Every structure is written in structure tokens, then in C-alpha cells.
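As the structure is a prediction and not an experimental result, all values here were calculated from the model.
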Amino acid sequence: MPEGHTIHRAARLQRRALKGKVVRADSPQGRFAAGAAVLDGQTLTGIEAYGKHLFYRWSAGDTLHVHLGLYGKFRAFRREDPADPLPPTTAGTRLRLVADDIVLHLAGPTACDLVDPAQEDALVARLGPDPLRRDADPERAWAALARRTIPIGAALLDQRILSGVGNVYRCEALFVTGLWPERPARALSRPEFDRIWATVAAMLRDGEKAGRILTVDPADVGVRTRSQVPGGERVYVYKRDGLPCRRCGTTVLTWTSALRAIFACPSCQHAPAALEAAS
DNA sequence: AAGAATGTTATGTA
DNA sequence: CTACATAACATTCT
């Protein structure tokens with residue numbers, strides 16, 4: 001269940017565990033047997049994250065491209081003794097990497113394939129700036145938004161405009177910036193865009209550090225809520241439809257935007273007056 | 001056991 | 001080329 005923070009965190013932790021090491025690779029379920037055979041015995045020279053994509057660089061020049069999709073997961077195991085048996089793989093395991101005392105399982109990703117430089121360039125060229133990357137250029141996102149009539153809520157999910165944001169962060173970032181998700185993207189002012197960019201970057205950074213999504217400001221933590229939603233203590237609006245807003249108590253609304261459920265507080269996020277009255 | 005889910009691409013239409 | 005609707009794929013969890 002990954003957004004950009006999960007991917008960048010995986011890159012950081014796996015770099016620490018595997019970079020510079022000779023890696024044994026295989027594909028226990030045979031779902032990536034040919035690719036694993038190519039990587040087996042190579043040294044992992046680097047891992048790069050771009051939006052929700054990962055690129056693993058190998059000593060013979062190969063690049064492994066991974067995208068976790070909706071269900072992809074990494075599982076890492078530490079082995080005391082290299083002679084110990086390998087931990088069992090669960091169904092859907094595509095690739096297993098073994099180095100020294102580390103075993104890494106990659107299960108269920110949408111993409112797990114070897115790419116040549118042209119393919120990698122094409123993939124990256126389709127992505128908007130990633131706020132977690134040092135080389136991110138917010139002007140590219142600003143220019144892309146200015147051309148779009150789609151709602152800002154939909155635009156934030158479009159990886160071509162800006163990359164790394166998923167459904168939780170789009171809802172939370174719009175709440176924190178106080179913007180109604182249905183505002184046309186190109187109607188945003190520059191200061192509003194700057195606030196969105198800064199908010200998304202800060203949220204993704206926090207998530208990368210913590211390893212989980214936690215967007216609620218400590219100042220709002222004490223606000224009474226009857227939320228029974230798992231993880232509901234850590235977000236403002238995501239999956240909190242029908243519950244009182246943590247800030248103002250107004251009922252949080254949900255509807256469909258860009259194929260996904262979106263959640264927002266009509267009061268804190270300046271819904272059109274008609275809608276606010278109706279709720 | 002149906003349905004939802006922290007994702008994305010493809011296709012047809014206007 | 002943009003926008004929108006719809007379907008499709010993928011897998012796990014409740």
C-alpha cells in the first residue's frame with residue numbers, strides 16, 4: 001500500500017542493507033525466473049526512487065525496475081548465520097535477494113522487470129517532479145497544473161503532474177492547505193500552489209521518516225473523535241466520512257474523484273456555499 | 001464472501 | 001491534445 005514515502009523509505013533501507021554487496025537472486029515461484037537469473041551473482045551498485053518507481057542498478061549494467069502497485073510488499077529478514085535456512089516465501093513472491101545476513105522478498109508488484117536506458121528514460125519522462133527528490137522542479141508541476149481544467153483533487157493523483165502522491169496524501173494535503181478538491185487546477189493562485197507543494201513535500205518526508213502516514217498536527221490530536229477507523233487517529237479526513245472534522249466538527253464528506261474515494265471537510269476546505277448548506 | 005483498497009494503463013468518445 | 005467514462009489488471013484484507 002505504497003505512496004512515495006514508502007518507496008523512498010524502501011530505497012533508503014535497502015541501500016543500507018544491500019548496496020555494494022554481491023547478491024544472490026532467484027524467483028522462488030518462477031514468476032521472474034529469467035530476470036532473477038540475470039541478476040544472480042551481481043553486485044547491487046545503487047537504488048534510486050522516482051515517485052512510486054524504484055530502479056536498482058547492478059554491476060553488469062542491468063537496471064531492475066519495480067513498481068509496487070496497490071499490493072506490492074517488501075519483506076526483509078535478518079539471518080544470524082548464512083547457513084540458516086531461508087525464510088519461507090509467501091504466495092506472490094516475485095524476487096528474492098540474498099546477501100550476507102539479509103534476505104529480501106519482493107511480493108506482488110505491478111512492475112518487476114529489467115529495463116534498458118531508453119525504457120527507463122521513457123518511464124521517468126512521464127513523471128512529474130517528485131517532492132522527495134533533490135532535483136525536483138516545482139515549476140514543472142505549476143506549469144502542468146496551469147494548463148488543466150481537472151479538479152485539483154484529481155490532479156494530485158496524476159503522476160504526470162507531480163509524482164509520489166497517492167489517495168491518502170491527496171486528501172490530507174488538501175485538508176491541511178484548506179483547499180476544496182473540486183477547484184479547477186488552473187484556478188489555483190501561485191501562493192495556493194506553493195502551499196500545496198510545501199505541504200505535500202513535508203508530509204511525504206515525515207512519512208518517509210516514520211514509515212507510516214501521520215498527518216495530524218499535535219495541536220489537533222486532543223480533538224475528541226468517535227473514529228473507529230484503523231489508523232484514524234493519524235489522519236484528518238481520509239476514510240473519516242460521516243465523522244466530525246477534527247478541527248471544526250463539521251461532518252466529513254466523501255465522493256468519487258479520479259476513480260477513487262476522496263474525503264474532505266466542507267467547512268475547513270471552503271466548499272461552495274450551496275454544498276456546505278446542504279451537508 | 002462480497003467488496004474495498006495508500007495504483008495504473010488502455011480504450012473509446014467528444 | 002485535453003477530458004471524461006469505463007473497463008481491466010493485480011492481490012490482500014475485512
For this session: Apply the test side-chain contact (heavy atoms from CB on, under 4.5 Å) to residues A:Arg94 and A:Val66: give CA-CA distance (whole Å), side-chain angles for both, the deciding distance (0.1 Å), then the verdict.
Result: CA-CA 11 Å; A:Arg94 294 274 195 102; A:Val66 168; over 6 Å; no
Exercise. Could you go step by step and tell me if A:Phe74 and A:Leu13 meet the side-chain contact (heavy atoms from CB on, under 4.5 Å) rule?
Worked result: CA-CA 11 Å; A:Phe74 291 111; A:Leu13 297 177; over 6 Å; no
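Contact annotation: A:His67 reaches the phosphate of B:dT8 (side-chain N/O to OP1 or OP2, under 4.0 Å). Contact check, A:Gln159 against B:dT8: a side-chain N or O comes under 4.0 Å of OP1 or OP2.
For the pair A:Leu157 CG and C:dC4 P, the interatomic distance rounds to 14 Å; values are reported in whole Å. Residue A:Asp113 contributes atom CG, which lies 13 Å from atom P of B:dT9 at whole-angstrom precision. With rounding to whole Å, A:Leu68 atom CG is found 11 Å from B:dT8 atom P. Atom CD1 in A:Ile262 sits about 18 Å away from atom P in B:dA4, given to the nearest Å. Following rounding to the nearest Å, A:Asp158 (CG) and B:dT9 (P) show an atom-to-atom distance of 9 Å. Atom CZ of A:Arg170 and atom C1' of B:dT8 are 14 Å apart (whole Å). In this structure, A:Tyr50 atom OH and B:dT8 atom C1' are separated by 18 Å, rounded to whole Å. Regarding A:Arg160, its CZ atom lies at a distance of 10 Å from the C1' atom of C:dA3, rounded to whole Å.
Grouping the Ile, Leu, Val, Met, Phe, Trp and Tyr side chains by contacts below 4.5 angstrom, directly or via other members, places A:Leu104 apart from A:Val98. Hydrophobic cluster membership is shared by A:Phe175 and A:Phe193, with clusters built from Ile, Leu, Val, Met, Phe, Trp and Tyr side chains linked at under 4.5 angstrom.
Nucleic acid contact for A:Arg126: sugar-phosphate only, since backbone atoms but no base atoms lie under 4.0 Å from a heavy atom of the residue. Across all strands shown, A:Arg260 has heavy atoms under 4.0 Å from base atoms, whether or not it also approaches the sugar-phosphate.
Atoms CZ and CG, on A:Arg170 and A:Asp158 in that order, are 11.5 Å from each other to the nearest 0.5 Å.
A gap of 22 Å separates the P atoms of B:dA1 and C:dC9, to the nearest Å.
One N or O on the side chain of A:Arg133 and one on the backbone of A:Ala49 form a donor-acceptor pair closer than 3.5 Å. Side-chain N or O atoms of A:Gln159 include one that pairs as donor or acceptor with a backbone N or O of A:Leu157 at under 3.5 Å.
When each of B:dG7, C:dC4, C:dT2 is scored by its nearest atom to the side-chain atoms of A:Arg147, the top-ranked nucleotide is C:dT2.
Closest approach of A:Ala155 and A:Leu145 over heavy atoms only: CB-CD2, 3.6 Å.
Applying the 6.0 Å contact sphere to CD of A:Glu80 captures no more than 12 heavy atoms from other residues, nucleotides or ligands.
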Problem set entry | nucleotides 6-14 of chain C: protein proximity per nucleotide (B base, S sugar-phosphate only, - neither; heavy atom, under 4.0 Å) | BB--BBS--
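DNA chain B contains the following stems of three or more consecutive Watson-Crick or G-U pairs, with both distances under 3.5 Å: B:2-5 with C:11-14, B:7-14 with C:2-9.
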